2 protein chains.
Amino acid sequence: MKRITIYDVAKEADVSLATVSRVINDSNVVREDTRMRVQQAIEKLGYKPNAIAQGLALSKTTTISIVMSEKLFAYNAKILNGLMDVAKIYNYNIMFHTTSKGISKMQDVIESIIKSRVDGVILFNDNFSEDEMEVLHEYQIPMVVVGSKLKGQKIGNVGNVYINFERMAYEFVNECFEKGIDDISMVEDKLNLSMMEQLKAGVDRAYAEKGLVFDKYVTYDDSYKSSYTFLSDYYKNHKPSRMVITFRDSQAIALMNACKECGYSIPDDTELVCILNSKYLTMMRPTISTYNIPEYDLGAVAMRLLTKMLVEDETVKQNKDIEISFSKLFRETTK
Amino acid sequence: MKRITIYDVAKEADVSLATVSRVINDSNVVREDTRMRVQQAIEKLGYKPNAIAQGLALSKTTTISIVMSEKLFAYNAKILNGLMDVAKIYNYNIMFHTTSKGISKMQDVIESIIKSRVDGVILFNDNFSEDEMEVLHEYQIPMVVVGSKLKGQKIGNVGNVYINFERMAYEFVNECFEKGIDDISMVEDKLNLSMMEQLKAGVDRAYAEKGLVFDKYVTYDDSYKSSYTFLSDYYKNHKPSRMVITFRDSQAIALMNACKECGYSIPDDTELVCILNSKYLTMMRPTISTYNIPEYDLGAVAMRLLTKMLVEDETVKQNKDIEISFSKLFRETTK
DNA sequence: TTGTAAGCGTTATCAG
DNA sequence: CTGATAACGCTTACAA
């Protein structure tokens, strides 16, 4: 079956290709009966407009690139759902790029984004540098960064939809202080260093205001292939703090297992909060306290912002930073 | 900054655009010094070839579509990693499509795939029908289906990279029989109905060969928002079978919680196997038995197969069905 | 080894 | 309301 083009349709309907173009683009200057004729020819031949040719002619691909780290894939599922749904509503296609240590560095991804002439980019706030954003900006590609707050001054046309992790940690620590708890430790998550940094800043700030110094930021090196293996080990030799903050569910679960094995009781000996929510937290016994982050909305809002930036919506000119709120979801691991 | 085209580079380097084209395509007929001159012009202007224009000229987009159900997103993370890595190696871009009940039906996705003129498609064996594959086939788009085995006769140019779940279940049940266990139940997973169907077929076959009938296929309706809520309820009123098969980790964990709350002990009162592996299975106590499926490979092999189909590799003409092997990974929930 | 020009499938401008 | 025709940016015979 030969590829059907607009010429074939034009011939079949006995009109010019310009008229066919008008029909498929819902132009209202076409007389009803010729529109019908064209429509029939389209059906009969099974014609589908070539988006590539349209892209060339319009200098617009109606395609948006999403780039995220390969490792974070499973964790960002809901954000991605929000992104995809809204993209669908606005009729954008999605080019999907992953970055990983070995195979695809950010630089290659950027290269292919530029070549693809996508209309805009969604970046997860992980592993890209300011330089890399600068390159995208030089090629005038609108972008929005989703996840956590961008640091540094904002360059040109970039939006930011984020959770304020700094404030989350700050407020949480102050609540602990109010309950008389100041022996708090926080476990690093190597997959989310930019968010860890912001959390730590919040903790530091709260401690500093009390005239104290926060010094229980638990890190581990790569000899442990996961935080799980590390933590189940670590807490065999380290008495847990009165309050432990982990980032991901697997870290929280590891901690619980370690405590159980070493005879510590949760929440009596030590309390536990896991920053990132997941369904597994409620499946544990005791159920694990966490924060509720509207992940789907994070994605949906980010994509909506980008689409507005693409049509140069005036209302968006000022307000390209959108903070998404979070709420406490405290369960049995905290008192 | 004006969009730089091949003409700008040609003018800058004082050659024709054909020569520039030869340089960016690594043609070996260009004299070294003119290549250098062109290369410098490219650097100086920051020129990046327009993939859209290339796509038009070549009738080839070097883009592959991946379509998967929105719900299954988090579960397929590793398969996707395999797909993405291999796509990257062969320099294909990825268009990503999700299907979901409300917003994006399979039909729309197919529409946009055809319009995009992608070179090939990867389909997850979920929620598409034979009709839909037929449409893709009419437009001569090579595709490979990944996950489970396609049923029905194969149409045209479609590959299939799969796990043989039927055999997995068949062999497992026979091993149970050998150990004297024939009181087995299996819990449906609504997210993976095509795989459930194959598992059930395997169980049925094993039972039939013994002259028995398998009648403990546990299903639940949509009033339960997740299998977790259902199972923790269900096993309060139902004595668990001697052996329970679940599909996903959350189902297995739900079952364990329900048993614990009702005073049943695992694996003494009832044993448990979870078909799909996940890291959470080893975090449970007791650790949960499962099957090891090389998910990354599943994706990598599927993408490699597709790339071969795209260059009409002869070796692939015959062999477009690839079965990926699995292995037992039995832990504390089985004896 | 390089340049010219036709073609890839659309959209958009202008006449009619 | 419709039809020519020139872009859009690139590849690739074919000529030189």
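A, B, ... follow the sequence lines: proteins, then strands. Residue 1 opens every chain. In this text the structure is predicted, and so the values were computed from the model without any measurement.
At the phosphate of D:dT2, OP1 or OP2 sits under 4.0 Å from a side-chain N or O atom of A:Thr34. Taking side-chain N and O atoms only, B:Ser21 has a distance below 4.0 Å to OP1 or OP2 of D:dT11. B:Arg3 has no side-chain polar atom (N or O) that falls below the 4.0 Å cut-off from OP1 or OP2 of D:dG9. The phosphate of C:dG9 has neither OP1 nor OP2 within less than 4.0 Å of any side-chain N or O from A:Thr5. For the pair A:Asn50 and C:dC8, the criterion of a side-chain N or O lying under 4.0 Å from OP1 or OP2 is not met.
The ring-ring contact (aromatic ring centres under 6.0 Å, His included) with B:Phe73 is formed by just one residue from the set A:Tyr75, A:Tyr296, A:Phe73; it is A:Phe73.
Here D:dC10 is the nucleotide among C:dT10, D:dA4, D:dC10 with the atom lying nearest to any side-chain atom of B:Ala57. Each of C:dT11, C:dT1, D:dG3 was ranked by its minimum atom distance to the side chain of A:Val15; first place goes to D:dG3. Each of C:dT1, C:dG3, C:dC8 was ranked by its minimum atom distance to the side chain of B:Leu56; first place goes to C:dC8. The nucleotide whose nearest atom lies closest to any side-chain atom of A:Ala18 is, among D:dC10, C:dA12, C:dT10, C:dA12. For B:Val30, taking side-chain heavy atoms from C-beta onward, the closest of the listed nucleotides D:dC10, C:dT2, C:dT11 is C:dT2. Considering only the side chain of B:Leu17, C:dA5 comes nearest among C:dT10, C:dA5, C:dG3. Nearest nucleotide to the A:Arg22 side chain, out of C:dT11, C:dT13, D:dC1: C:dT13.
Contact annotation for B:Val29: base contact, defined as any heavy-atom pair under 4.0 Å involving a base atom. Across all strands shown, A:Thr19 has heavy atoms under 4.0 Å from sugar-phosphate atoms exclusively, and none from any base. Counting non-hydrogen atoms under 4.0 angstrom, B:Ile52 reaches nothing in the nucleic acid.
Positionally, the nearest nucleotide of DNA chain C for B:Arg37 lies more toward the 5' end than for the other of A:Ile24 and B:Arg37.
No donor-acceptor contact under 3.5 angstrom links the side chains of A:Asn93 and B:Lys115, judged on distance only. Donor-acceptor pairing under 3.5 Å is lacking for the side chains of B:Asn81 and A:Lys71. A donor-acceptor contact under 3.5 angstrom links the side chains of A:Ser194 and A:Ser148, judged on distance only.
If you measure from atom CD1 of A:Ile4 to atom C1' of C:dT10, you get 16 Å, rounded to the nearest angstrom. For B:Tyr7 and D:dT11, the OH to C1' distance is 11 Å, given to the nearest whole Å. Between B:Ile114 atom CD1 and C:dT10 atom C1' there is a gap of 18 Å when expressed in whole angstrom units. What separates CD1 of A:Ile6 from P of C:dC8 is a distance of 14 Å, to the nearest Å. For the pair A:Leu58 CG and C:dT10 P, the computed distance is 12 Å after rounding to whole Å. Atom CG of B:Asp14 is separated from atom C1' of C:dG3 by 12 Å (rounded to the nearest Å). As a whole-Å value, the separation of A:Tyr47 OH from C:dT10 P is 3 Å. Distance B:Lys11 NZ to C:dT2 P: 20 Å, rounded to the nearest Å.
Note on A:Asp14 versus A:Arg37: no salt bridge recorded, every NZ/NE/NH1/NH2 to OD/OE distance being 4.0 Å or above. Using a 4.0 Å cut-off between a side-chain N of Lys or Arg and a carboxylate O of Asp or Glu, B:Lys151 and B:Glu197 qualify as a salt bridge.
No donor-acceptor pair under 3.5 Å is formed between the side chain of B:Asn125 and the backbone N or O of B:Gly147.
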Salt bridge (Lys or Arg N to Asp or Glu O under 4.0 Å) between A:Lys105 and A:Asp108, worked out:
CA-CA 6 Å; A:Lys105 293 140 296 165; A:Asp108 298 340; 3.5 Å; yes
Evaluate the salt bridge (Lys or Arg N to Asp or Glu O under 4.0 Å) criterion for residues B:Glu70 and B:Lys101: first the C-alpha distance (whole Å), next the side-chain angles of each, then the deciding distance (0.1 Å), finally the verdict.
CA-CA 9 Å; B:Glu70 198 165 74; B:Lys101 282 219 204 81; over 6 Å; no
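Summary of helix geometry: the two end axes of the helix from C:dT1-D:dA16 to C:dG16-D:dC1, each defined by five base pairs via their C1' atoms, are inclined to each other by 40° (rounded to 10°).
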